[in-house]
Amino acid sequence: MFGPGQEHGGADLIQLLTPEGERVEHPDFSFGLGDDAIVGFYRDLVMTRRIDTEATALQRQGELGIWASLLGQEAAQIGSGRALRDQDFAFPTYREHGVAWCRDIDPLQLLGLFRGVDQGSWDPLEAGFNLYTIVIGAQTLHATGYAMGLQRDGVIGTGDPDRDTAVIAYFGDGATSQGDVNEAFIWASVFNAPVVFFCQNNQWAISEPIERQSKIPLYQRALGFGFPGLRVDGNDVLAVHAVTDAALQRAREGSGPTFVEAYTYRMGAHTTSDDPTRYRVTSDLEHWKLKDPIERVRAYLSRGGVVDDDYFHGIEAEADELAARLRKGCLEMPDPNPLDIFDQVYEETTPELREQRDGFAAYLASFGGPALQEADAQ
Amino acid sequence: MFGPGQEHGGADLIQLLTPEGERVEHPDFSFGLGDDAIVGFYRDLVMTRRIDTEATALQRQGELGIWASLLGQEAAQIGSGRALRDQDFAFPTYREHGVAWCRDIDPLQLLGLFRGVDQGSWDPLEAGFNLYTIVIGAQTLHATGYAMGLQRDGVIGTGDPDRDTAVIAYFGDGATSQGDVNEAFIWASVFNAPVVFFCQNNQWAISEPIERQSKIPLYQRALGFGFPGLRVDGNDVLAVHAVTDAALQRAREGSGPTFVEAYTYRMGAHTTSDDPTRYRVTSDLEHWKLKDPIERVRAYLSRGGVVDDDYFHGIEAEADELAARLRKGCLEMPDPNPLDIFDQVYEETTPELREQRDGFAAYLASFGGPALQEADAQ
Amino acid sequence: MTAITLAKGVTMGLRAAMEADPKVIIMGEDVGKLGGVFRVTDGLQKDFGEDRVIDTPLSESGILGTAVGLCMRGYRPVCEIQFDGFVYPAYDQIVSQVAKLHFRSQGRLTMPIVIRIPFGGGIGAVEHHSESPEAYFAHTAGLKVVACSNPVDAYWMIQQAIAADDPIVFFEPKRRYWEKAELDEQTVPDPLFSSRVVREGSDVTVLAYGPMVKTAVQAAAAAAEDGQSIEVIDLRTLSPLDMVPVHESAKKTGRVVVVHEAPVTLGLGSEIAARVTEECFYSLEAPVLRVGGFDTPYPPSRIEEDYLPDLDRVLDAVDRSLAY
Amino acid sequence: MTAITLAKGVTMGLRAAMEADPKVIIMGEDVGKLGGVFRVTDGLQKDFGEDRVIDTPLSESGILGTAVGLCMRGYRPVCEIQFDGFVYPAYDQIVSQVAKLHFRSQGRLTMPIVIRIPFGGGIGAVEHHSESPEAYFAHTAGLKVVACSNPVDAYWMIQQAIAADDPIVFFEPKRRYWEKAELDEQTVPDPLFSSRVVREGSDVTVLAYGPMVKTAVQAAAAAAEDGQSIEVIDLRTLSPLDMVPVHESAKKTGRVVVVHEAPVTLGLGSEIAARVTEECFYSLEAPVLRVGGFDTPYPPSRIEEDYLPDLDRVLDAVDRSLAY
Ligand SMILES: Cc1ncc(C[n+]2csc(CCOP(=O)(O)OP(=O)(O)O)c2C)c(N)n1
Ligand SMILES: Cc1ncc(C[n+]2csc(CCOP(=O)(O)OP(=O)(O)O)c2C)c(N)n1
Ligand SMILES: [Mg+2]
Ligand SMILES: [Mg+2]
């Protein structure tokens, strides 16, 4: 399935659910779970999109400094995120809100970075989900190193499903041009590290089309490094799940890295600061609207009568609640205490920083600012 | 010839002259020149090896701080170097003494860097041969940028053999793990830059075997970046010439980059500071001795009666003269004037540096050191 | 005379430089159709074509590495680094190649590269978008480093930097991109590598560059109301430093305060303090005081105003200096 | 008590650290079978296996980037950079990731990484093999920076650095690798982040670290013959700086000279000069003088002795200081 056959077969997009909501067969991959799982995916997709819409609204209203929308990439993130096991570890970029959802990160915590109150407030090690990484590509090496750690911890290829562990590194099409990402491919291949390189090819790196990063389909990049590359319909949550699940399993078994290219489209702006009208035509957008990752699941579920309208309404209602909670929580987010930053630089702080903190505390106090006790109290 | 066919066919080593000195056919490549050219190659190979032996001896005697021997890689360098036209440009590492020979660099000038009197004293732009680059991989991006310059200068694909120009970037097997080298592949591919990536896979990066850098044949790396990769017998000067010539021509015509892997072996230590006995077995060495790049040419020339013994003796004599000149010239190399370094930092020097230079001159003068006039006079 | 923003000043300067010399090219991420995330290269690709305004792959090392090769073909690349925090992947090419090639080639190779970096904080950005890395470059022999502080300097300095034959790191104070000033294209600009007294005073000398110049001037105005006479110098050039006006002023006032956003430790202020003290030892009434960012990574933007030196922290230093 | 070289001191320290904690791993180019180009990791792969002593692909960014991930699995990577001039490809991972992750995660992630760098000149090497990049790291919040100067410190400091939970750039003076000293493994070492008076004196204070400590001590000995009493302090820690003994000494002597191989401009000397002047303003008889490399790239090795501070240049500065 991951043999050299891919070198040719990989050229076609792996799809299991058409934009019209029809299940289709693929020679190498099939969706292993039942309709109940798809019902769950639908909820994930809707909730994720709602988180995204609400965050975008909050930014428009000045509550967030910026927001990176995942609109259009929900299936790529939910399909891959749901293929992860508890013990697996994910390294996101700044756009993996859907994966965060799958890792049970409270969506409210995603807002902190964009509101400017913190740089990620969840515990990466507990969540199995690293902090967002903004420097393009850097996290792919972190993921590879983490995977090398797994090898040393003997949690690869034991056959115990609760023990064997894999890592997934998320990155974009633009990131494939960074030296770090290519070095990660080399390290993972040379050490046969249990890592899945999950590239969401949303066709754009801000204003630059994919042609600026590669002349050939991105998944083929992996072939030059000696491990398999696959292209999956990134708007097909079933196909993404099936392919990622297989790639993760391959990693857990000790068979090494896999490159998964989720072929999708960035339906929104790069971030709320961006203006795509300057560099792309709306016709593309129209074309991709027809491939919406949520509509096809809804079509499948309703046509098959798997769920009734009440279910859909229920999800809508739940999403509304979440949105309301997000809005309320965002407005209530406390600003950090400026005196705390000094103690966060090092595990063992330095006399220099203590001095700077005390000096600044005294300075602030002279304006009636937060006193040091306060800071220490926190 | 460079079509996807290579993706499979490239797996076999391209060879045109066997270790025994027999000419053999290859479906895609043939040596375009006559025996007179081969006679010239023989001289190049012998002279290059002699330069290397003499430099090694000079280092042993303390006249050079260090020397990077090309022993075993003569054919890879002469074959590719002789495929260059006057207008072409080469970006070497620190080991391309044979290519320097082809670019008419006085071998004596190669010693400066290793003796510690300069960092390369030839004019790169005049020679069409850049200074040696020690930081692994950096020059591959320089070569790609130079090639992008050629595109802008309109000296690609005009059909005029004296005008159309190509660039060749030399690097080793270890260098393929550097981010810069992979970025160079991306840039060259995306911009279709007229550059040949010439990798001398001598099997070792100091003490690390090729397996530490790649699990699959290196030439296949190029396929993942969307341009052809070829593996040629790096000890076969005819095959290297034929393949490099074709790759350069492809670049000059505007058909883009090519990756040439010259499969060879580092017969000596990494440098004179290295001790290979710590990390590799001599049996490999014995195996590769039988594939010597010079012996096979000598065998071909003498068997075919192309030249007689006088010719061989003549070359030996010429090599002896060169060696003697090198030795004499090396010992006579003047140390640089320490006061000159201040003026070499910038094209437009700074008051700070002038002050530092004058201050240091006065300081040296107080010990009777070189006075400033001297420095300025130079 | 027209009022232009600092961003517009750079844009106009780039345009003038490209018109003046066909070898000038612009390289960077999103500099083409988008015109850069700050629109500084707006319209240039449309007018000068894709060969001269190059949307590059997403790799900073690639941008600087290929710029080196382009210089060897006689081009004069102006490389845009999208944000300060993203220059580090190119650090090796900058420090080991761009900075050293003139020296290594004994002047046979010139590297007329301008590296444009929008720098500093104050715009409410996320991490890596508010760094002040100038000291990393000013400590590097072979590079020159300048920072503009206003629209008029932006217009002239970028042209002077592009015309210069040495590699120059050109810092643009992103939080001041939208500040306006009147530009008279007829005036003759000061030399690129010169500092300038922007406000005369007699009690204390305040040195600043880039975004902090405005802050220093505001502080001087406020201090004037308390009867303190502060002289403000816009350093403009960080490497080489133009110490002549600084020493003159220090000898006059006897008190010097240096302000920058970068962390104090080993920031530009340390070098200036060392030089001023050496040169004006007997004239100093107080040690050179430094006001800068704390020795922490740049904080979340909600508290960046606490992190960044502001009018009050400058005045606080002025008072401490006067207290000696 | 056995006499060991500085290189051996590091080797023994690494071995002790690996025996003490199974999570300690070594990563780098040629650190395995070869034992590193300076043989500092000699024998460690044989004894601890390829999983703990890793010959890495030839990519420094890869070494530091994967080290980050290994830390997240509880490992304590000791990364060897083969030569000072080759750390720059890893600069982005070091400055934006290694240095910032503790801060960004509010302490949830720790990065107990030691980055070993043989630094400085004096061994007749070719370009890029004699750099002194310590200021680039000391200016970076989130990193700690130390430099050992002798075999005994090398043995203890590397163990202390590995045991510490913050990322530490560990500089080893390559030209002193073969210097010998007696090691007594029973003694209790000084704390890692402390400076040390290595020779007492009353006229002038000379500060040095790494390779320059020996030079400073030799200068002090020579000066003693001329009746000058020089106090020499081995800084040992460059970030944080341990200014307590420095200020004490400065207040005692009133005259301070700082010596390092790195270019003077924005070198460690500038920060120390600024701090000493601020702290000891009224005690200083002379400005803090700096002796260092010139503001040029490192020169061809045949003239490196001219470039590098030596005994005479230290004494010259001492005389200039005393002349105030
Ligand atoms: C090293 C670096 N350079 C530049 C940037 C600025 N930047 C942020 S996102 C982005 C485009 C990324 O495109 P892609 O990898 O396709 O991810 P996407 O945003 O499409 O999800 C750029 C250039 C950065 N964050 N890091
Ligand atoms: C960036 C960088 N890292 C490390 C080194 C030290 N070094 C010099 S040569 C070498 C091995 C290079 O191997 P390869 O690319 O195969 O070239 P070869 O020496 O075999 O010709 C290393 C690691 C360097 N010069 N540059
Ligand atoms: Mg993208
Ligand atoms: Mg090699």
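Letters A, B, ... mirror the listed sequences (proteins, then strands); counts begin at 1.
- For A:K215, the NZ atom is densely surrounded, since the number of other residues' heavy atoms within 6.0 Å is greater than 12.
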*Can A:L364 and C:D306 be said to form a side-chain contact (heavy atoms from CB on, under 4.5 Å), step by step?*
CA-CA 9 Å; A:L364 290 179; C:D306 289 287; 4.0 Å; yes
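- Contact annotation for A:I341: both backbone and side-chain heavy atoms come within less than 4.5 Å of a heavy atom of chain C.
- With rounding to the nearest 0.5 angstrom, the OG atom of C:S59 is 11.0 Å from the CG atom of A:D180.
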Under 3.5 Å, which donor-acceptor pairs do the side chains of residues 117-129 of chain C form with other protein atoms, sequence neighbours left out?
{"residue": "C:E127", "atom": "OE1", "partner": "D:R104", "partner atom": "NE", "Å": "2.8"}
{"residue": "C:H129", "atom": "ND1", "partner": "C:V126", "partner atom": "O", "Å": "3.3"}
{"residue": "C:H129", "atom": "ND1", "partner": "C:E127", "partner atom": "O", "Å": "2.8"}

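- Taking 4.0 Å as the cut-off between side-chain N and carboxylate O, A:R278 and C:D42 count as a salt-bridged pair.
- At a 4.5 Å heavy-atom cutoff, the contact between C:T296 and chain A is made by backbone and side-chain atoms alike.
- Between chain C and the options A:E208, A:Q178, A:Q213, the largest number of non-hydrogen pairs under 4.5 Å is found for A:E208.
- A:T176 OG1 to C:L58 CG: the interatomic distance, rounded to the nearest 0.5 Å, is 8.5 Å.
- Listed here is the closest heavy atom pair of A:P338 and C:I303: CA-CD1, 3.9 Å.
- Nearest approach of A:R115 to C:S301, heavy atoms of both residues: O-OG, 4.2 Å.
- Looking at C:E60, the atoms closer than 4.5 Å to chain A (heavy atoms on both sides) sit in the backbone and in the side chain alike.
- The most heavy-atom pairs under 4.5 Å with chain C, out of A:G65, A:G137, A:G174, come from A:G174.
- Using a 4.5 Å cut-off between heavy atoms, A:Y346 makes no contact with chain C at all.
- Contacts of A:A138 with chain C are absent, with no heavy-atom separation under 4.5 Å from either backbone or side chain.
- Of the two parts of A:I206, the backbone and the side chain both hold a non-hydrogen atom closer than 4.5 Å to a non-hydrogen atom of chain C.
- Residue-level contacts of residues 311-323 of chain C with chain A, in order of numbering, are C:D312, C:R313, C:D316; threshold 4.5 Å between heavy atoms.
- Looking only at heavy-atom pairs under 4.5 Å with chain A, the residue among C:V37, C:D295, C:D30, C:T265 that has the most is C:D30.
- The structure places CG of C:D55 at 6.0 Å from CZ of A:R212, a figure rounded to the nearest 0.5 Å.
- Of the residues considered (C:F83, C:F86, C:Y307, C:F294), C:F294 shows the highest number of contacts with chain A, using heavy-atom pairs under 4.5 Å.
- Looking at A:L113, the atoms closer than 4.5 Å to chain C (heavy atoms on both sides) sit in the backbone and in the side chain alike.
- Of the two parts of C:E305, neither the backbone nor the side chain holds a non-hydrogen atom closer than 4.5 Å to a non-hydrogen atom of chain A.
- No more than 12 heavy atoms of other residues, nucleotides or ligands sit less than 6.0 Å from atom CD of C:E50.
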